[in-house]
Amino acid sequence: MRTTRPAEIRRLFETGRGEDGSPEDARAKVAALNGRSATQGPVGRRFGDLILADGLVTQEQFDRVLAEQKRTSEKLGEILVRLGLLTEGQLVHFLSRQYGIPEVTFPETIAPEIIKIIPVRIARKYGVVPIGRTIGSVTLAVADPTNLSALDDVAFMTGLKVVPVIAAASVIGTALGRYYEPGPAALADVLTELEAEGADVEVVDGRETFQPLDLNELRSSADQMPVVRLVNSVLLDAIKRGASDIHLDPCEASFRIRFRVDGFLHEVMTPPKRVEAAVVSRIKIMANLDIAERRLPQDGRIKLRQHNREVDFRVSVLPTIFGESVSLRILDREALRVELGQLGFDAPSLGEFEAAIDAPHGMILITGPTGAGKTTTLYSAIHAINRGDRNIVTVEDPVEYDLKGVTQVQVNEEIGRTFGASLRSFLRHDPDVILVGEMRDEETAQIAVRAALTGHLVLSTLHTNDAASTIARLSDMGVPPFLVSSSLRLAVAQRLVRRVCPDCREPYELDEESLVPYGHTPAGLGRCTVYRGRGCATCHLTGMKGRSALFEVLRVTPEIRGLILHSGFTAEIQDVARKQGMKTLREAGIQKVLEGATTVEEVLRVTTD
């Protein structure tokens with residue numbers, strides 16, 4: 001009985017050998033079973049000849065396209081579209097007509113079982129997407145029908161006959177991003193490849209004994225494509241998920257990678273322990289760090305550009321007993337362009353904050369624990385007042401973001417460039433606005449206060465639990481009460497709460513009276529409709545997606561200034577501020593619950609009574 005075409009393709013795929021025992025003969029036979037020789041296309045004329053004969057471009061235009069191709073190595077069709085000589089629709093119609101391959105309109109959704117036919121690395125390598133399947137064949141959307149190796153490799157790997165259809169490159173790119181995004185499936189595919197090539201990756205004992213290693217071999221393993229793809233996939237996946245940090249943690253017998261998303265750490269993958277040294281070395285190479293140094297901590301930066309979007313990674317490498325732990329802080333420039341009104345201020349608090357940053361002098365302090373979003377608020381404030389008519393200088397440790405039009409100084413204590421020393425220099429640099437990354441000691445606080453008293457607007461951060469505690473903290477740092485009362489204009493306490501996922505949120509009824517034990521003052525709303533998340537793919541089954549800030553804005557009024565001068569207690573200052581209209585962090589959080597932005601449990605998690 002004669003063997004059917006798909007069965008023969010499957011046999012060639014499973015054995016990987018043709019009649020002469022070689023993979024090349026197997027691939028040639030796959031091409032023949034698909035209706036052509038391994039070296040001949042559907043039409044025996046070159047693309048350039050066809051497009052010239054069709055009159056779509058002139059010889060002069062085509063010569064320009066060829067010169068551009070020589071410079072960039074792009075495909076001719078891509079260059080024609082990029083230079084505006086053809087539209088994508090014209091190119092697809094031309095290719096369909098000349099090569100006898102039908103155009104296709106993508107279905108709204110493609111079944112997962114069809115997508116799984118082709119591995120992610122093959123789909124991305126050739127720019128192809130499977131859109132349908134029948135018995136023994138797969139329908140494959142391609143942008144370039146002349147790429148015969150793509151068709152033959154897909155047929156060889158799947159054991160199916162390939163039926164090509166043509167679609168625009170942008171449409172295929174969108175489908176690749178949608179169905180083959182660098183998420184768990186793609187990372188798992190890279191890990192599979194790492195497992196297969198694991199023998200080529202050197203294993204270095206990560207314990208404190210630190211055995212000698214060959215740096216050339218380690219650099220070579222770090223540059224292997226599976227390792228490069230793994231690291232790139234991790235970085236891109238973290239950006240896509242909106243992570244703020246990436247942690248690569250060595251354990252005794254394992255190696256785990258975790259993302260901090262919306263303040264919570266989530267384990268995303270556990271690569272083989274044997275690739276740990278290569279992965280860490282790859283990150284060190286990208287951050288221009290010393291791959292030979294494994295006993296001391298190191299810090300560096302990585303800059304990634306994706307589709308005209310620049311993202312910085314602040315890299316910290318810390319030696320541990322089981323190897324080197326790597327932490328990457330993701331510094332997304334897009335996060336700094338947040339308008340003040342989008343941060344989470346209510347209307348009265350926003351008005352007070354905007355009035356304070358527009359003032360010619362005085363001190364504004366943002367308080368809260370690490371990870372509360374203080375830097376984002378400060379940078380958004382600088383962005384709002386950076387109109388070119390003010391000389392703005394900053395001293396930071398480290399400089400997390402580059403601000404256009406702002407003079408930024410990085411602290412370097414090894415050479416004596418401390419916060420205090422930099423501030424003293426700033427006062428001779430004719431500044432209008434001074435941003436101090438953090439007030440850490442008495443010297444910094446004293447100079448910042450005096451700068452605020454001598455005609456400068458000073459913005460900085462402190463670590464306190466609430467806005468009223470800022471006064472006590474400054475006093476603890478040695479700043480006299482009369483200087484605090486004269487210089488401090490605004491103290492802002494801040495926390496971040498997770499928002500209810502917009503894709504899976506569901507309403508439920510809540511009695512306003514049930515919020516009274518949490519500090520809420522009833523406003524006669526009675527039964528209220530609030531929201532919670534069920535959990536979906538968008539929020540990774542957490543029910544929460546994204547974060548918003550809670551603010552407690554204490555304006556230093558004459559009454560509060562008098563309390564500061566007479567060394568009033570923190571509780572007394574807070575009571576007066578509340579009577580003057582200040583909302584506490586808890587009250588601001590409950591208001592967001594009633595607005596449907598977050599949940600009661602989330603507010604209770606980040607605030608205290």
> Between Ser380 and Thr376 (side chain of the first, backbone of the second, donor and acceptor by atom type, cut-off under 3.5 Å), is there such a pair?
yes
> Does atom CZ of Arg258 have more than 12 heavy-atom neighbours, drawn from other residues, nucleotides or ligands, at distances under 6.0 Å?
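Yes, enclosed.
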> Salt bridge check, Arg532 against Glu601: does any charged N sit closer than 4.0 Å to a carboxylate O?
no
> Quick one: pull up CZ in Arg260 and CD1 in Ile330 and give me the separation to the nearest 0.5 Å.
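Result: 11.5 Å between the selected atoms.
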> Using only heavy-atom distances, determine whether the side chains of Glu293 and Gln298 contain a donor-acceptor pair under 3.5 Å.
no
> Do any N or O atoms from the side chain of Glu443 and from the backbone of Ala445 form a donor-acceptor pair under 3.5 angstrom?
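Answer holds: no.
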> Which atom names give the shortest non-hydrogen contact between Ala356 and Leu457, and what distance separates them?
O-CD1, 3.8 Å
> Could you tell me which non-hydrogen atom of Phe426 sits nearest to which non-hydrogen atom of Pro431, and how far apart they are?
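Smallest interatomic distance, heavy atoms only, reads O-CD, 3.1 Å.
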> Distance only, no hydrogens: is a donor on one side chain within 3.5 Å (strictly under) of an acceptor on the other, for Arg561 and Ser485?
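There is no such pair (donor and acceptor under 3.5 Å, judged by atom type) between the side chains of Arg561 and Ser485.
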> Hydrogens and angles aside, do Gln494 and Thr377 bring a side-chain donor and acceptor to less than 3.5 Å of each other?
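A donor-acceptor contact under 3.5 Å links the two side chains.
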> Please answer whether the main-chain N or O of Cys504 pairs with a side-chain N or O of Lys545 as donor and acceptor at a distance below 3.5 Å.
no
> Would you say Glu552's side chain and Ala493's backbone share a donor-acceptor pair under 3.5 angstrom?
no
> Main chain of Val497, side chain of Thr598: is a donor-acceptor contact present, judged purely on distance under 3.5 Å?
no
> In sequence, state the C-alpha distance, the side-chain angles, and the governing distance for Leu340 and Ile357, and then conclude on side-chain contact (heavy atoms from CB on, under 4.5 Å).
CA-CA 11 Å; Leu340 289 176; Ile357 64 176; 3.6 Å; yes
> Any side-chain to backbone donor/acceptor pair from Glu602 onto Arg499? Under 3.5 Å, distance only.
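No; zero donor-acceptor contacts below 3.5 Å.
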> Taking the side chain as C-beta and beyond, is there a heavy-atom pair between Val433 and His456 under 4.5 Å?
no
> Please tell me if the side chains of Phe345 and Val553 come closer than 4.5 Å, counting only heavy atoms from C-beta onward.
yes
> Quiz question: by atom type and distance under 3.5 Å, do the side chains of Gln574 and Arg578 form a donor-acceptor pair?
no
> Evaluate the criterion side-chain contact (heavy atoms from CB on, under 4.5 Å) for residue pair Val279 and Leu248; output intermediate values, then yes/no.
CA-CA 9 Å; Val279 171; Leu248 292 85; 3.7 Å; yes
> Does the side chain of Val603 come within less than 4.5 Å of Lys592's, by heavy atoms?
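Lys592 vs Val603: side chains apart.
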> Decide yes or no for Ile257 and Pro271: does some side-chain heavy atom of the first lie under 4.5 Å from some side-chain heavy atom of the second?
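Yes. Closest side-chain heavy atoms under 4.5 Å.
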> To check you understand the geometry: which heavy-atom pair defines the closest contact between Val600 and Leu510, and what is its length?
CG2-CD2, 4.4 Å
> So that I can tick it off, tell me whether Asp237 and Arg241 are bridged by a salt bridge, with the cut-off set at under 4.0 angstrom between side-chain N and carboxylate O.
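A salt bridge is present here (some side-chain N lies under 4.0 Å from a carboxylate O).
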> Identify the heavy atoms of Ser325 and Asp249 that sit nearest to each other, and give their distance.
OG-OD1, 3.6 Å
> So, taking the atom named CZ in Arg301 and the one named CG in Leu328, what distance separates them when rounded to the nearest 0.5 Å?
12.0 Å
> Check the side chains of His520 and Glu512 for a donor-acceptor pair under 3.5 angstrom, ignoring hydrogens and angles.
yes
> Look up atom CZ in Arg314 and atom OG in Ser327, then write down how far apart they are to the nearest 0.5 Å.
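With rounding to 0.5 Å, CZ (Arg314) is 8.0 Å from OG (Ser327).
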> Under a 3.5 Å distance rule, please check whether His429 uses its side chain to pair with a backbone N or O of Ser425 as donor and acceptor.
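Checking the backbone N and O of Ser425 against the side chain of His429, no donor-acceptor pair under 3.5 Å is found.
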> Return the minimal non-hydrogen interatomic distance between Pro250 and Thr320, and the atom names on each side.
CG-OG1, 3.6 Å
> Determine yes or no for a side-chain-to-main-chain donor-acceptor pair under 3.5 angstrom, with Asp312 supplying the side chain and Leu331 the backbone.
no
> Measure the shortest side-chain to side-chain distance between Leu453 and Met363 over non-hydrogen atoms and say whether it is less than 4.5 angstrom.
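The answer is no, as the side chains (C-beta and beyond) never meet within the 4.5 Å cut-off.
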> Write down the atom of Ala472, the atom of Thr570, and the distance for their closest heavy-atom approach.
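So the minimum-distance heavy-atom pair works out to CB-OG1, 3.8 Å.
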> State, with a plain yes or no, whether a side-chain heavy atom of Asp346 is found less than 4.5 Å away from one of Ser349.
yes
> Would you find more than 12 non-hydrogen atoms of other residues, nucleotides or ligands less than 6.0 Å from Phe569 atom CZ?
no
> Could you tell me whether His266 atom NE2 has more than 12 heavy atoms of other residues or ligands within 6.0 Å of it?
yes
> Starting from the C-alpha separation in whole Å, work towards a yes-or-no answer on side-chain contact (heavy atoms from CB on, under 4.5 Å) for His247 and Val326.
CA-CA 6 Å; His247 292 270; Val326 181; over 6 Å; no
> With heavy-atom distances below 4.5 Å as the criterion, would you say the side chains of Val234 and Met269 are in contact?
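Yes; the side chains approach each other to less than 4.5 Å.
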> Would you call Asp245 and Arg329 a salt bridge, taking side-chain N to carboxylate O under 4.0 Å as the test?
yes
> Taking atom types as modelled, find out whether Thr464 and Ser469 have a side-chain donor-acceptor pair closer than 3.5 angstrom.
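No, because no side-chain N or O of Thr464 sits under 3.5 Å from a partner of the opposite role on Ser469.
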> May I ask you to decide if Met477's main-chain N or O and Asp441's side chain share a donor-acceptor pair within less than 3.5 Å?
no
> Within this structure, what is the CD1-OG1 distance for the pair Ile364 and Thr470, rounded to the nearest 0.5 Å?
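Nearest 0.5 Å value for the CD1-OG1 distance: 12.5 Å.
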> Can you tell me how far apart CD1 (Ile366) and OG (Ser460) are? Round to the nearest 0.5 Å.
9.5 Å
> Given side-chain contact (heavy atoms from CB on, under 4.5 Å), test Arg555 with Ile560 step by step and report yes or no.
CA-CA 8 Å; Arg555 183 168 59 91; Ile560 291 177; over 6 Å; no
> How long is the gap from CG on Leu474 to CG on Leu462, to the nearest 0.5 Å?
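Leu474 atom CG to Leu462 atom CG measures 5.5 Å (nearest 0.5 Å).
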> Can you find a pair of side-chain heavy atoms, one from Leu435 and one from Ile382, that are under 4.5 Å apart?
yes
